[in-house]
Every structure is written in C-alpha cells, then in structure tokens.
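All remarks here apply to the structure that follows.
The shown structure was predicted, so the numbers you read here are calculated from the model rather than taken from an experiment. Only this structure's heavy atoms are used, side chains among them; waters, hydrogens and symmetry mates stay out.
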Amino acid sequence: MDWIVQKLWLIPALPLVAAGLSALLKQRQRRLAAALAIGAMVLALALSCMAFVSALQHPGQGSVVRQGVNFFWFQFGDPRNSDAAVWLGWVLDPLTAVMLVMVTLVGLLIFIYSLGYMAHDDNFTRFFCFLSLFAAGMLGVLIANSLLLLFICWELVGLTSYLLIGFWYHKPSAAAAAKKAFITTRIGDLALLLGMVWLYSQTGTLLFYDGGHGCLEQSALARLVAQTTTLGMAASTGIALLIFCGAIGKSGQVPLHVWLPDAMEGPTPVSALIHAATMVAAGVFLVARVYPLMAAGDGGGGAVAAALQVVAWVGAITAVFAASIAAAQTDIKRILAYSTVSQLGFMMRGLGTGGVAVGMFHLITHACFKALLFLGTGSVIHGCHEEQDIRRMGGLRQFMPITFATYAVGMLALSGFPLVFSGFWSKDEILHSAHGWSVSHWPFYLGVFGALLTAFYMTRQVCYVFFGSLRSRRREEDLIPLPGSTETKSEPTHVGCYDVHESPAVMTWPLVGLALLAILLGFVGTPAWPWFQDFLNGERAVLAPGKLAEPATLWLMALSSVVVISGMGLGWWLYGRKPQTDPGALDVLERARPDIYALLRRKYFVDEVYDATVIRFNSWWARSCDWWDDWVWNGAVQLVSYAVVGLSWLNRVFDEYVVNLGFDRGCRGLTEGGGLMSRLQGGGVQGYLRVIGVALGVLVLLLLWGCHAS
C-alpha cells in the first residue's frame, strides 16, 4: 500500500485545521486568514495530485483497483459481539483520485479569486473560515469508505452551505435563502439516513469495501437482492432509492430543486464553489459511489435496475425543466443557477443510462466551465458595481475584455460547441448513452431538447451582457429641473451599470486558468481517446482514432453540432442582431408569447404551489398543534392540576376540621383529666389525710351495707 493512502486523511484535515485556526483570529487579521485557507488548499492539492499519481500507477486489468484504510471507531451493545462495532475508513480509487484533484484545483482558484472579490468585506476573515470548512466537508465526502463517514461530512457540507449562503445575514433575502437551502436539503437527507439505517440492518456494516465484506461488495449485494419488501421490490432497490433522495436534495433535482436558485443570495465565490466543485457535485458523486447498489436492483435478465431507471428519468426531466426556466430569467446569477440544475440533470441521466464514467466525465468538465462562468459573473457584477440584472448591462466586452473572452469560452463549453470545447465531448457521451438505452428513447429526445435550450439561453445571456451598448450608464443628458428654478442639473440615474471597469488581476487570472481547463479537459474523454472513461473503469486507455469515423458516432456528433449551432443561432437572431437599448423594454419572448414567458419567468409556479400546499399545510399543522397544545393537552394538564388542587383543599379541610379537631379535643380532655388528677397529688398532708378519711368512711359504709344485706 502506498504511503499516500495511509495519509489520505490529511487532504480534508488541512482545510479543517485552517478553518479552526481562522475561527480564532481577530477580524482585522485578514491576510493571515487568507494565507491559512489558500495554503491549506495548496497542500491539499499537492497531496491530491500524489494520490492521483498513485492511482495511475495501479492500473486495473478490467477491474478497479482500490486501496483503503479502515479503523475501529467505537463499540456498542455486547462487547463480545464483533458485529456490534462501528468502523470508519477512507479509500483511494480512480473515482476518488479524479474528484480530489478537481475539487482542490477548482477550489483553490475560487479561493484566490475571493481575495479580490471579498477584499472590501468587513467579514473577510469569517468568509475564509467558512470556505475552508466547506472544502474540508466535501473532501471528506470524497475519501470516505464508509457511508456513515460520508454522511457526517455530507452534513458538514450542508451546515457550511447554510453559513455561506446566508453570509450576508443582514439581508433578509440571504437569511431566507439559507434557511430554505438547509431545510430543503434536510428532507432528502432524512431519506438518506433511513436508507443508511436500513442498509446497516441488512448487511451489518456501512463500509463500502472491506475485503469482500463491504456493503457494496458481491456478498452483501446478493443478500439485498434476494430480500424483498412488502411492495415486492428488492431491498437493494428500496435502499438505493432512499439514498438517491439524498442526492436529489443536494444536487437540486426535481422536486427538491427550489433551494438552488435562491442560493445565489450568497457571495459569488460561494455560488461558484457550491454550483461547480462541491455541494451540488456531492449528490452526483454519491450516486456514483454507491453505483453497485443502484445497479443491483431487481432488473434481472439483463434489464436495467429500477433504481437506475428512476435516476435516468429524474435527470432527464430536470434537465429540460430547469433549462426552460433559465431562458426567461433576467438575474445573471439565477440564469447560471438554473443552468446548474439542468446540467446536474444531464449528469444524473448519464449515470442512469451509461454508468459512472459517463456521468462523472460531465461532472468534471462542468465543474471547470461552470466555475469559470460564475467567477466571470462575479467579475461582471464587481465591474458593474453590484448590478445583476442583465437588462441593465450591455456592451461590456469593450470595457471588460478579459472577462468577456473567458466568459465566452465558458459559454461555448456549456453550450457544447463542436469539437473544441470540453462540454461538447462530455455532453455527447451522455446523449450517446441515452440513445442506446434499452428502456426508452425519451431521455435522448429530452437531452437533445435540453441541449438546444442550453445553447439558446446562454447566447441570450451573452448578448444581453456583452453586446450592444451600455444601457444604464452615467448619462449627462438626464437633466433634472432644480426646485423653484428654471435651471437644470445633471444627475446620474444610478440604475444599472456605470463606470464599468475590468476586474483586478487576482480575479482575472483564475478565469484564464479555468478557461484553459474548459478547453483541454474534453480531449481526455473523446471517442478517439477515452482515457477518462477507461481510467474510471479500471481499464487501459487505447488510442483509437477510427472510432470517430464510426457511423453512429458521426451521426450523434453531427446531430449535437446542429442542435447547438441552431440554439446559438436562434439566440443571436432574437437578441444579437438588434440588441435592446432600453432596460425597461419587454423581452423578445415576452412580446411574442407573454403567457409562456410568464410561466417560465415564474418558474412554472413551483414555489407558489409549494407555498399553497406544503408550506400552507405545514403552517396549518403548526397552528393545529399549537391549538391542540393550548386547549387539549394544556387543558388536560390544567384539569389535572385543578383536580390536584381541589383534592389538596379537601385534604386540608379533612385535616383541619376532622383529624386536627378530634385530635385537639381529645388532647384537651386528656389535659383536663390530667389536671384533675394532678390535684390529688398537690403535696399537702392535710389533703392526703382528708382523702384517706373520706375513703375510710366510704369503706366502712360499704362493709356495713354488706353485713346488713347478708
């Protein structure tokens, strides 16, 4: 076993220690807090690269090579029973190695970017403390060889997301978004906890891999498949679906997607970290980690397991659902938020229809270009003095050339522009697997439509933000009459962008690095050289240029290219040819179909439906419980208390007027009798003689009476 496997725990421990030390710093110690956070991520990245090299040095021969360390945590129940013990551990395999490098690299770039973005924030030190804690939680999820350890780190990610989304807690919207994210994800986490308990009850362990005895290994999976529930499904399917509910919550899939767009209330680096490299990726990673359980199911005879079918359908529906909403949003960050929900749907569909390598390839490429887009958005917001409405921007490419160039790379990668950008290859892999899915072709059709929508709404956003003219700049022609005078004064409108400027180098250099990754990463997973897929599957990669010339591959590549170019062309036709000049003008889609636009703009009224049903029911139930508590339970308690008080009064009356009265009278009689008897012993001799004389006289009379009677 390589030494890096023994020291793998250091990767999450480093940012965890940095977070702990930063929590002890004073607010003015900004440089030290940033140095601790960035230094910890640099070291974590170095160790992650070593772990990646170690995984490369152990290529599988058709099977994945895993190296791990398991350790005893605590004992419960009978100490003589070895099964009544909890074991934790960490594991290094290709999946872990790839994710560690991605999270630490993208996270490091986001940390560096935050130096410029948060430079003027008063809570700079606290921000880097939370960032480090967030990174530690996600890295712990990645290395975990135990579902329990994964769940612990999973909840740490949930806590830190709450802290970071609500970082600007003085804003009511940020505080509400943080609570919404925390509560919504807890719904999925509750199902995950139930699945974890069920899995432990059936297998006796939560270790993934343990020398043939882990819960994801063949012996345990065979037992789970053989057991059926009252609904007729295999226990493995039921457990897998409960675990998938946790992934639905974390990765913002329908119907638990509502928290993710609201998470934009946090600082933009937080949005990049959540949406690209950490929190939302955790759900997809969880499905990939427990994929043997998902695939076990009850789909015998070559049929697709039921759990994987659910994963594929949920992902396909979410991808189109969120992409259509993004086409009608005007907040620059919310467009990317719904884009993330959509792309996570693509990943889930890839996992369900093609396996771990298909879904994870898109996760890795998406992490780079989505982090690029979010950081580019932060650069735009920073340069536009916190403006986020794309209708009040325009023409920024001439003021922010570096941001525009790198943002264009991210936009093309997300849209899947042919051949050059990574998103094309990873998205094509998903479409290819969906096309060959034996269950249904509908996920493929939905994927094609989702790709069209992605290219359309991203082109729309770029046209609004970077092309045309600056719609809300400082205008000297806005003359306002002075009160009581015919003179006028010029006053800036202070609506939208004015005095636009490029971001500092500490913010633009990470954009350049991510732009390069958004281009280069795609070439490690092309059909001609599927290195990434083979690496995850434990196989040796073979260069096969001929696969690009296969009819099926060419047909799908051509279809994907036509779809992407059509979406971009439609977006340019509607928004690029004649850019809007008035920030208050109606959107092109709104003028054409206001009903459909309103439906998309209001996000299909899902939040309103939840408000009218779930939240209203919860409020009604809370009021009912309050009434029940006040008038029933509290009334019963009051009734019992009154009964007790009444009994105490009765007891007092009986004690006072029966027991005490009788006892007092008896005592007084005894006292009086004692007093009377005490007179007989007054100590006077004359009195004693008188008594004796009287007694003698009585005795004589009695004797005389007796004699006379006889």
Side-chain angles (χ1 to χ4, degrees), residues 76 147-148 151-152 154-163 165-166 169-202 229-233 235 238-239 241-263 265 279 283 310 314 602-654:
F76 65 93
L147 187 56
L148 178 58
F151 185 75
I152 293 170
W154 181 277
E155 292 304 309
L156 180 59
V157 170
L159 169 65
T160 47
S161 67
Y162 167 79
L163 296 174
I165 294 170
Y169 54 85
H170 55 276
K171 293 170 55 179
S173 57
K179 290 186 289 185
K180 186 176 184 179
F182 189 80
I183 294 172
T184 304
T185 53
R186 293 290 77 69
I187 296 172
D189 292 354
L190 178 60
L192 172 58
L193 178 61
L194 293 175
M196 185 171 66
V197 173
W198 189 2
L199 180 63
Y200 183 81
S201 69
Q202 297 297 321
T229 66
T230 55
L231 298 177
M233 72 172 63
I239 295 171
L241 291 177
L242 286 173
I243 293 176
F244 179 57
C245 288
I248 288 176
K250 272 289 191 291
S251 291
Q253 299 294 282
V254 172
L256 299 181
H257 67 284
V258 292
W259 71 269
L260 219 159
D262 289 357
E265 293 295 337
M279 183 171 178
V310 173
V314 169
R602 299 294 297 274
K603 302 160 289 188
Y604 292 101
F605 299 95
V606 173
D607 287 286
E608 288 78 3
V609 170
Y610 280 168
D611 286 338
T613 55
V614 177
I615 296 177
R616 179 172 294 182
F617 172 78
N618 185 67
S619 300
W620 171 82
W621 182 249
R623 290 192 299 270
S624 300
C625 291
D626 182 65
W627 179 87
W628 190 268
D629 183 65
D630 283 343
W631 296 98
V632 178
W633 296 117
N634 189 54
V637 171
Q638 292 292 334
L639 184 62
V640 171
S641 65
Y642 290 149
V644 171
V645 171
L647 289 174
S648 66
W649 277 99
L650 289 176
N651 181 67
R652 180 182 177 184
V653 170
F654 183 79

Open item on the list: Could you work out, with ring-ring contact (aromatic ring centres under 6.0 Å, His included) as the rule, every residue matching Tyr162, not counting sequence neighbours?
Closed with: Phe182

Could you grab the distance from atom [atom1] of [X] to atom [atom2] of [Y], nearest 0.5 Å is fine?
X      : Y      : atom1 : atom2 : result
Lys180 : Ile165 : NZ    : CD1   : 11.0 Å
Leu159 : Ser161 : CG    : OG    : 7.5 Å
Trp198 : Ile243 : CH2   : CD1   : 10.5 Å
Thr185 : Trp154 : OG1   : CH2   : 9.5 Å
His257 : Ser251 : NE2   : OG    : 14.0 Å
Glu155 : Leu192 : CD    : CG    : 7.5 Å

Open item on the list: Keeping Thr184 on the side-chain end and Ala181 on the backbone end, is there a donor-acceptor pair under 3.5 Å?
Closed with: no

Open item on the list: For the backbone of Gly249 and the side chain of Trp259, can you confirm whether one donor and one acceptor N or O come within less than 3.5 Å of each other?
Closed with: yes

Partners passing side chain to side chain contact (heavy atoms under 4.5 Å, CB included) against [X] (at least two apart in sequence or in another chain):
X      : result
Phe654 : Val658, Val659
Leu148 : Trp73, Val86, Leu88, Ser146, Ile152, Met196, Leu206
Leu190 : none
Val645 : Ser648, Trp649

Open item on the list: Just so I know, are the side chains of Phe244 and Ile248 near enough to count as touching, which here means a heavy-atom distance under 4.5 Å?
Closed with: yes

Task: Results of salt bridge (charged side-chain N to carboxylate O under 4.0 Å, His left out) for Lys603 - residues two or more places apart only - done: Asp607

- [ ] Please list, chain by chain and in numerical order, all residues satisfying salt bridge (charged side-chain N to carboxylate O under 4.0 Å, His left out) with Lys171, sequence neighbours excluded.
- [x] Glu265

Open item on the list: With side-chain contact (heavy atoms from CB on, under 4.5 Å) as the test, pick out the partner of Val609 among Thr613, Asp611, Val606.
Closed with: Thr613

TODO: Kindly state each residue pair satisfying salt bridge (Lys or Arg N to Asp or Glu O under 4.0 Å) with at least one member in residues 188-199, sequence neighbours excluded.
DONE: Arg186-Asp189, Asp189-Lys250

Open item on the list: Can you confirm whether Tyr604 is buried at OH, in the sense that more than 12 heavy atoms of other residues, nucleotides or ligands lie under 6.0 Å from that atom?
Closed with: yes

Open item on the list: So, using side-chain hydrogen bond (donor to acceptor under 3.5 Å, both in side chains) as the criterion, who are the partners of Tyr610 when residues are at least two apart?
Closed with: none

Under 3.5 Å, sequence neighbours excluded: what are the donor-acceptor pairs made by side chains of residues 614-629?
from: Ser619; atom 1: OG; to: Ile615; atom 2: O; distance (Å): 3.0
from: Ser624; atom 1: OG; to: Trp620; atom 2: O; distance (Å): 2.8

